[in-house]
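Heads up, the thing below is written out as structure tokens.
Letters A, B, ... are given to chains in the order of the sequence lines, protein chains preceding strands, and every chain is numbered from 1.
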Amino acid sequence: MIRYLVQRLAQGLVVIALMSFVIYGLIGLMPGDPIDLMISSNPRLTSADAERLRAVYGLDRPLVERYGSWAAAALGGDFGYSRGFSRPVLDVLGPRLANTAALMLSAFVLALTIGLPAGIVAAARPGGGVDTTINFLCFVAVSVPTFWLALLMIMLFSVTLGWLPASGISTPGAEGLLDTLTHLILPVATLAIVEAGAYARYMRAAMIEALRQDWVRTARAKGASGLRVVVAHALRNAMIPVVTIMALSLGGLFSGALITETMFAYPGMGKLIFDAVMGNDYNLALVALLFATVLTLAGNLLADLAYVALDLRISLGARAEAGTAR
Amino acid sequence: MNAFRRPLPLAALIVLAALAALALGAPLIAAALGQDPTAADLLQRYQPPSAAHPLGTDEIGRDVLLRLLYGGRISLLVGLTAALIAAVIGAAIGVVAGYFGGRFDALLMRVTDGVIALPILPLLIVLAAVDLSKLGLPADIVQSETVSLYRIVAITALVGWTTVARLVRGATLALRAREFVRAAVALGARPLRVMVVHILPNAMSPIVVATALAVGQIILFESVLSFLGLGIQPPLPSWGNMLSNAQEVIWAAPMLAVYPGLLILFTVAACNLLGDALQEAFDPRRTMKR
């Protein structure tokens, strides 16, 4: 178990190092550069000044060298300043990260509570009326463009009915827990609808596969009740592939969060990345995108560990290994 | 094919064929209506549906139906082209990984897993914002009107190949052990020939399934990027950038925000249904489950 964990962590670190280099290179390819921006704000700078400034800031050095010094500073905890906010990047990221976590976690939990039972119910009688209905709804959910769904939600619940706020995270002058929750409803619902469709489809496929297995037939033959067969025998085995796929869907969940945050003007990481890219805030875009990647990969690692915990075959092997090591 | 005896996959096929026919025939429909999809007419803004404008007109008096059809041309073109390019990249990576195996395979598959796990949309946003002149592309290409089209095809293909790669690798691993492949190797066929002539043709079914599903995914990515102003650039219409115009005039003309979204939904749902149906048709074991 320990060896597996160390191996996975090492792998993750390599991927993160690679990704940080790729992202660093990409951000450097965005339009303009910091010196251009200085020149545009100060007309007295000449092109000779620009060359000198490039040398001072090290922008004339090759990419690998620049990345090296950036990475060294970043490892020391210095992620630089955000141009748009005029504050250290980490100070800007902190609250946004908390907001995104609130949005993603609520949407994830809601999607699971809708999606998994729907998938299980659908799998109980494949091809039946309930299954067909759930299947149809899932197809709509996974095919609908998230931003359009958000647009429809705003049109219906904010504009026509006037029940819920269309944007932001709080009403000025009326802040409070209830106010925050009210602002969360539409973004969370939008994100959860899209994700629930995907989860229900995974769950359904895995349950149908599990219900076909011999041990399920054996359990039925020895007289276990239908519910017990589904929950104790099939569900536990069906959860293994579902957990893996859900881990891989974390990146997709973040992509969905970016769309919902942008649509509902919700101040989270996704909207921050989008605004930073659009506003040429290089440092902020770089660090925010890197954070999002690291968090996604960390989530994958956690899910892998959950997989080990769920799957007796792997954990037994690991326990045997740990036994010989002792 | 059996898959199309059931009503839903058949409906999906009909929807896609109809959309493709309408998009291809857009110039004919424009001629029949006597309208020009790019002609703005500020005296004819927000017209209700009429004989001349079957779906009315938009905020600067352009015909909505024709804009939708021309937008469909772009969206379908992007989806199909990018999915095909992605399929070629994925098949190449998958067959090479599966054929040579070992550390090489492990490396390629770790890369594939890495790409699958990434938050794709933020990455696409950065890719879409890249200044092409910094990549050394000549200025006349960078400033041309269709560059946004090529760019979106390139970047969506760049992230869309992973499913094909995994499926082709799996198929290659199975095929590599089969007699006809071993016979070809024993007869002295070189690896490239074995892969192209003997393995890939037998791995077509997973490629077709994954490509059908990729078309839907790529149309979704294209629409959201265009909606955010990073994809297809006006005056070229796409369903995504039509929605971004519509959002600004949502009070005056809510239906402008409904049509393009419905078309995206129908197209993507049809691709997904088709992919699922093909998967069942190609894989009898899975068909039995239903």
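Atom CZ of A/Arg96 is surrounded by more than 12 heavy atoms from other residues, nucleotides or ligands within 6.0 Å. Annotation: B/Phe266, atom CZ; neighbour count of heavy atoms from other residues, nucleotides and ligands within 6.0 Å does not exceed 12.
Annotation: maximal heavy-atom pairing with chain A below 4.5 Å, among B/Val111, B/Leu121, B/Ile120, occurs at B/Leu121. Most heavy-atom pairs under 4.5 Å with chain A, from the set B/Ile116, B/Leu262, B/Asp113, B/Leu123: that is B/Leu262. Put simply, of A/Leu29, A/Val15, A/Val22, the one with the most heavy-atom pairs under 4.5 Å next to chain B is A/Leu29. Counting heavy-atom pairs closer than 4.5 Å to chain B, the top residue among A/Leu295, A/Leu26, A/Leu250 is A/Leu26. The candidate with the highest count of non-hydrogen atom pairs below 4.5 Å against chain B, out of A/Val144, A/Leu152, A/Ile27, A/Leu297, is A/Val144.
Side-chain atoms of A/Trp148 come within 3.5 Å of backbone N or O of B/Ala257 as a donor-acceptor pair.
Interface residue A/Thr296: only side-chain heavy atoms are found under 4.5 Å from chain B. In this structure, no portion of A/Met269 lies under 4.5 Å from any heavy atom of chain B. In this structure, the portion of A/Arg201 lying under 4.5 Å from any heavy atom of chain B is its side chain and not its backbone. Residue B/Leu124 does not touch chain A at all, counting heavy-atom pairs closer than 4.5 Å. Heavy-atom distances place no part of B/Ile219 under 4.5 Å from chain A, backbone and side chain included.
B/Val126 places a side-chain heavy atom less than 4.5 Å from the side chain of A/Leu289. Residues A/Leu258 and B/Ile125 have side chains in contact (heavy-atom distance under 4.5 Å, counting atoms from C-beta outward). Looking at heavy atoms from C-beta onward, A/Phe139 lies in side-chain contact with B/Asp276 at the 4.5 angstrom threshold.
Each of B/Ile264, B/Thr267, B/Asn272 was compared with A/Ser143 under the side chain to side chain contact (heavy atoms under 4.5 Å, CB included) criterion, and only B/Asn272 meets it.
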Practice problem: Run the numbers on A/Val14 and B/Arg110 for side chain to side chain contact (heavy atoms under 4.5 Å, CB included), then give the verdict. | Solution: CA-CA 11 Å; A/Val14 171; B/Arg110 285 297 80 71; over 6 Å; no
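For the atom pair CD1 of A/Ile154 and CD of B/Gln247, the computed distance is 7.0 Å after rounding to the nearest 0.5 Å. Distance check, rounded to the nearest 0.5 Å: OG1 of A/Thr262 to CZ of B/Phe227 gives 9.0 Å. Interatomic distance, CZ of A/Phe254 versus CG of B/Leu118, reported as 12.0 Å (0.5 Å rounding).
The two residues A/Ser255 and B/Pro119 make their nearest non-hydrogen contact at OG-C, 3.9 Å. Nearest heavy atom pair, residue A/Val277 against residue B/Ala129, reads CG1-CB, 3.5 Å.
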